Amino acid sequence: MSAALRTAGLSKRFGGLSAVSDVSLEIPQGARHALIGPNGAGKTTLINLLTGVLEPSAGDVFLGGERITALPQHLRVKKGLTRTFQINTLFPGLTVLESVVLAILERKGLAARWMRPVSSHRAEIGEATELLATFKLDRDAQRRTAELAYGRQRLVEIALALATRPKILLLDEPAAGIPSSESVEVLGVIAALPADVTVLFIEHDMGLVFRFAERITVLVAGRVLMEGTPEEVARNDEVKAVYLGREAHG
Amino acid sequence: MLGVLFDGIAYGSLLFLVSLGLSVTMGLMNFVNLAHGAFAMAGGYVCVIAMTRFGVPFLATLPIAFVVTAIVGAVLERLLYRRLYGASHLDQVLFSIGLTFMSIAAATYFFGSSQQPMRLPEFLRGQVHLGGVDFGIYRLFLVAVVAALTAVLGFLLARTRFGAQVRASVDNAQAARGLGIDVDRVFSVAFALGSGLAGLGGALGIEVLGLDSSFPLKFMVYFLLVVAVGGAGTVKGPLVAALLLGVLDVAGKYYVPQVGAFVIYAAMVILLIAFPAGLFGRRR
Amino acid sequence: MSALRGGRLIEVAFWLVPLAAFLLLPGYLMLGSQILIVALFALSLDLILGYAGIVSLGHAAFFGLGAYAAGLLAAKGWGEPLSGLLAGGVIAALAGFVASFLVVRGEDLARLMVTLGIGLLLYEAANRAAFLTGGVDGLSGVAMGKIFGVFAFDIGGKTAYLYSFAVLLLVFIFLKRLTSSPFGLSLRGIRENPARMPAIGSPVRARLVTAYTIGAAIAGIAGALLAQTTQFVGLDSLGFNRSAELLIMLVLGGTGRLYGAIVGAAVFMIAQDYLSGVNPVYWQFWLGLLLVVFVFFARGGILGAVEAAAKRLGRSSQERAR
Ligand SMILES: Nc1ncnc2c1ncn2[C@@H]1O[C@H](COP(=O)(O)OP(=O)(O)O)[C@@H](O)[C@H]1O
Ligand SMILES: [Mg+2]
């Protein structure tokens with residue numbers, strides 16, 4: 001069986017800077033895979049390449065064996081590849097409920113319709129309400145997203161991604177900017193996703209990484225330094241030197 | 001043929017002079033300033049007033065026009081523009097349309113809506129024959145002035161500390177801030193300088209572009225176009241774009257007068273389609 | 001629930017105002033029709049700018065196209081109003097569809113330039129094609145037939161007024177539907193964050209193309225309506241000033257609310273009628289000043305201010321109840 005998500009020699013240059021160089025990953029279905037590396041290692045850029053926000057300078061992206069390198073962003077989402085953003089990328093003027101309903105309508109292919117008002121789409125509103133409840137966001141459902149505190153908005157960020165019912169979920173530092181007590185909860189929701197959903201997540205908190213990841217890829221200066229189980233990564237001296245060492249300082 | 005080309009170049013030099021400030025505003029602060037033509041108009045009126053009311057000779061009015069509009073620009077930047085740097089483009093558009101309307105109304109109120117008379121000094125009038133072609137002396141003068149200014153600006157931008165700061169700020173304002181460059185101050189100075197150049201262009205341009213109170217709207221699109229096509233934040237881009245547009249416009253009006261300004265607008269749309277980031281634009 | 005019914009009541013009352021004006025102010029029907037038509041035009045921009053978030057400086061292009069299409073039809077002998085109206089809308093929609101591909105790519109600045117460029121291009125084209133459009137003199141000889149073959153356009157402008165009112169109301173109802181639908185929600189999503197939309201699976205360009213085309217069609221209908229009711233088309237129907245003023249009245253009334261477009265158009269047109277009658281130079285100056293002040297202090301527009309006041313009132317009455 002082919003991997004759920006695979007890259008071959010993926011590279012991205014910004015002018016003279018090689019943000020991602022020759023990255024070949026293979027992530028099996030149902031994986032809980034962490035991507036770690038110091039700031040500026042190219043993690044976010046890699047996600048941008050996987051999701052089609054950026055065009056690669058070289059290399060390819062495969063989704064379940066199908067080459068999707070040139071597929072536009074929204075069609076990748078339709079194929080089940082969804083991401084969240086490191087910095088909240090939300091709809092400030094829409095209510096939380098509206099935002100999630102919008103994502104559900106898009107998933108169901110109903111968002112181009114114009115005959116019936118949104119308010120009569122009971123099924124979608126019901127689904128959105130349930131989803132918000134799992135994040136304890138039901139109280140905020142009717143508030144404009146901009147009115148929520150950053151940490152609460154962080155939850156909306158993830159709820160929006162889940163509303164697309166991803167087969168593969170890419171999370172860019174999902175716990176960044178929320179108190180560590182809650183970050184365990186957030187990753188808990190993600191860990192509780194159906195076992196066939198593939199999760200690739202970027203995270204700086206090593207505690208969380210070791211707790212939730214089955215495998216880890218370490219990215220340094222755009223290149224894959226190593227890939228392995230948490231134990232292997234923890235034992236690797238090179239990783240300790242370039243990454244964990246720096247983490248201890250920062 | 002050569003004559004048309006030359007007229008186009010003279011016209012393009014003027015467009016370049018006026019537009020350069022706009023390219024800084026758009027490139028550096030990503031600010032859509034539809035009111036830029038108002039600074040050129042102001043320079044034109046300063047020149048006319050200085051000449052007709054105070055008897056200042058034409059050449060002496062040019063630095064006055066530059067200084068007065070630079071000061072006006074600096075004041076407006078401090079009081080108003082600065083507060084809208086982070087605002088939406090819609091806000092910037094509305095604000096600068098408002099400013100344009102006010103400037104037009106004010107100009108009409110004080111000077112009427114008719115064309116302003118312009119009497120060039122004797123030595124700038126007439127033609128010279130060179131290789132069988134007639135060149136207007138004033139246009140030669142215009143090209144020479146703009147060429148000299150371009151050289152000075154090029155030097156300023158390439159060789160001085162201030163120039164380095166401008167280039168760094170246009171390239172990446174955030175990184176420039178990180179390097180300790182006071183981007184806001186750089187922009188204030190650049191804005192004043194750009195306004196001054198526009199004013200100078202307005203004064204020099206009375207003979208070529210004319211001057212009346214509708215000036216800011218009439219030429220708005222040309223200035224915007226120079227920036228859109230030439231890309232922002234360099235001297236070369238707007239220069240090439242302005243010369244290109246100048247020649248195209250003059251040639252269009254000369255060879256196919258029936259379609260007139262159509263040529264330039266069609267060229268504009270085509271150029272924008274072909275080069276969405278400008279001829280020399282960098283993609284962000 | 002009662003709030004909903006209250007909202008409905010206010011809406012009904014709102015639409016009674018132009019009808020009351022018809023009965024009470026027979027001397028102002030000309031101005032009245034103009035307001036209704038401009039309100040329709042402003043609605044079309046509200047869909048594009050207020051909902052989808054596209055800043056346009058050349059929306060008059062579609063208005064003018066619709067006006068010339070309907071005007072030319074009538075001047076060449078096809079005076080049936082409803083088909084003329086439809087023709088104006090269809091021509092503008094076609095142009096809008098083609099233009100939308102340019103507008104939809106690129107960022108704000110490129111969009112501004114493209115919309116501006118298209119507007120100027122059409123203006124210049126109409127100016128030069130004097131054999132067809134009458135050039136600067138405008139297109140005259142627009143002879144209109146009867147609406148439904150029954151209602152002739154009268155000198156007093158009664159038919160024109162009611163005709164404009166009916167078209168405005170119908171388009172408004174359509175837009176109300178459109179904007180409260182999933183499609184409308186997705187446009188608001190694009191306005192609020194065009195970067196997130198593709199990440200939830202939304203084909204942003206396709207949505208914008210649709211919205212832009214609909215907006216152009218409605219602008220064309222408004223233009224056609226003006227041509228038919230005034231039986232004249234001037235070059236200014238395509239001009240930059242018209243685009244700029246449209247932007248001003250929409251923002252003045254409040255964007256993204258539909259009603260803001262209508263209120264803004266009415267306030268603007270009435271103020272212009274009074275003030276520019278006094279002195280057009282002053283009018284332009286105050287308009288400019290108003291814009292500047294407005295950008296700094298009152299971005300919600302008239303309806304935004306009303307809403308904020310209502311919210312404050314509601315909150316204080318709630319507090320009193322507690
Ligand atoms: N759009 C861009 N243009 C230019 N450089 C970029 C861009 N995006 C990222 N970079 C650069 O690429 C490098 C990797 O960035 P990023 O992928 O955000 O790292 P990480 O997410 O691992 O912290 C950084 O040096 C960053 O400055
Ligand atoms: Mg990152």
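Every chain is numbered from 1, with letters handed out A, B, ... down the list of sequences. Quick caveat, the model's predicted, so the values are computed rather than measured.
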(message) Just so I know, are the side chains of A/F91 and C/I200 near enough to count as touching, which here means a heavy-atom distance under 4.5 Å?
(response) yes
What are the atom names and distances for all donor-acceptor pairs below 3.5 Å between chain A and chain C?
unit_1, atom_1, unit_2, atom_2, d
A/K78, NZ, C/G201, O, 3.3
A/T89, O, C/R196, NH1, 3.1
A/L90, O, C/N193, ND2, 2.8
A/G93, N, C/E192, OE1, 2.7
A/E98, OE1, C/R188, NH2, 3.2
A/E98, OE2, C/R188, NH1, 3.3
A/E98, OE2, C/R188, NH2, 3.1
A/E106, OE1, C/R207, NH2, 3.4
A/E106, OE2, C/S202, OG, 2.7
A/E106, OE2, C/R207, NH1, 2.6
A/A111, O, C/F183, N, 3.2
A/R113, O, C/S181, OG, 3.3
A/R113, O, C/F183, N, 2.9
A/M115, O, C/R177, NH1, 3.1
A/V118, N, C/S180, O, 2.8
A/E157, O, C/R196, NH2, 3.3
A/E157, OE1, C/R196, NH1, 3.1
A/E157, OE2, C/R196, NH1, 2.4

(request) Find the one option among A/A146, A/P166, A/A111, A/A161 whose heavy-atom pairs under 4.5 Å with chain C are most numerous. (result) A/A111
(request) Measure A/I104 against the heavy atoms of chain C and call it side chain, backbone, both or neither at under 4.5 Å. (result) neither
(message) According to side chain to side chain donor-acceptor pair (under 3.5 Å), who are the partners of A/D138, at least two apart in sequence or on a separate chain?
(response) none
(message) Counting only non-hydrogen atoms closer than 4.5 Å, does A/A163 touch chain C with its backbone (N, CA, C, O), its side chain (CB onward), both, or neither?
(response) neither
(request) Considering non-hydrogen atoms only, spot the tightest contact between A/L105 and C/P182 and give its length. (result) CD1-CB, 3.8 Å
